[in-house]
Amino acid sequence: MNKRKRKMDAVERAKAYGIDISLLESSLALTPTERLIRNEGMLALARAFARARAQKNATDRGTPGPPVGKRS
Amino acid sequence: MLPIEELLALLLEKEVDFVIIGGVAGLAHGSARTTADLDVCYSRAPASLETLVAALGPLKPRLRGAPANLPFKWDKRTLRAGLNFTLDTDLGPIDLLGEVAGIGGYRDALAASETLTLFNRPCRVLTLDALIRSKRAANRKRDREHLIELEAVKKLRSKKRN
């Protein structure tokens, strides 16, 4: 009954928190420079998404409403 | 050349006294968290401030997130009057910290740093243990999240070594 809860190690704690350990392992397989290059790639992707989103919002705002006489 | 590579090259070529801290230091040690800015702890010695001003000057540093009409002059006087600066430059965002939570000023950060090769250049980077210490001391929500990840990185690295 008096079971002691085993203390989680740092990796288990991170896993429980929702951190993807496989991402850390893949990162640790790289050199520091490779990690920075990968980070820049992710940032470039995020910037491209943000640009696409802004473009879409602008297009949506400029879209004329449904033709007169028709209801959507 | 990538913007961060260019920014680091510039700081090193101009012999700015700095230690890489924050997200980029975390990445260098193995973190998988994406970061958009370069955080550095800089020396506030008068000669170092001059070097820093001259190095970043051509990149037109401006305050990040501040109202556009807020006057900001990039010079030694401004640096002396403040401590931490969150800046945008033509090569991307850079945060200049005069002091790091849990570590101290530039000299302390330098003592708590190691040389890592980034883009074929030797850079002073806060050690993983010091980075963990600084995250623990800063203790904001995002620091606590980063701390959990950095402690896991430390554990994985020690497992890898053994």
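By convention in this document, chain letters (A, B, ...) are assigned in the order of the sequence lines, proteins followed by strands, and residues within each chain are numbered from 1. Just so it is clear, the values below take in all heavy atoms, side chains as well, and ignore hydrogens, waters and symmetry mates.
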Check your understanding: Are B:L27 and A:I21 in one and the same hydrophobic cluster, where Ile, Leu, Val, Met, Phe, Trp and Tyr link if side-chain heavy atoms are under 4.5 Å apart?
Key -> no
Practice item. Check B:L118 against A:P32 and note the closest heavy-atom contact, atom names and distance. Key: CD2-CB, 3.5 Å
Point to revise | A:L24, part contacting chain B, at a heavy-atom distance under 4.5 Å | key: both
Review point. Got more than 12 heavy atoms from elsewhere within 6.0 Å of CZ, B:R64?
Key: yes
Check your understanding: Is there a path from B:L131 to B:I4 through hydrophobic residues (I, L, V, M, F, W, Y) whose side chains come within less than 4.5 Å of each other?
Key -> no
Review point. Are B:L59 and B:F18 joined in one hydrophobic group, where the rule is that I, L, V, M, F, W and Y side chains link up if heavy atoms are under 4.5 Å apart?
Key: yes
Point to revise | B:L11 with B:I21, same ILVMFWY side-chain cluster at under 4.5 Å | key: no
Check your understanding: Side chain, backbone, both or neither: which part of A:L30 has a heavy atom under 4.5 Å from chain B?
Key -> neither
Practice item. Please report the shortest heavy-atom distance between B:A152 and A:V11, naming the atom on each side. Key: O-CG2, 3.9 Å
Review point. Near B:K14 NZ, under 6.0 Å, is it more than 12 heavy atoms from other residues, nucleotides or ligands?
Key: no
What donor-acceptor contacts under 3.5 Å connect chain B and chain A, backbone and side chains included?
unit_1	atom_1	unit_2	atom_2	d
B:A28	O	A:R35	NH1	2.4
B:G30	O	A:S27	OG	2.8
B:S31	O	A:S27	OG	3.3
B:T35	N	A:N39	OD1	2.8
B:T35	O	A:N39	ND2	2.9
B:T117	O	A:T33	OG1	3.4
B:F119	N	A:T33	OG1	2.8
B:E145	OE2	A:Y17	OH	3.1
B:K160	NZ	A:L28	O	2.8

**Study point:** Cluster link B:V19 to B:I103, ILVMFWY, side chain under 4.5 Å
**Key:** yes
Revision key, fill the gap. Turns out that what part of B:L2 lies under 4.5 Å from chain A's heavy atoms comes down to side chain
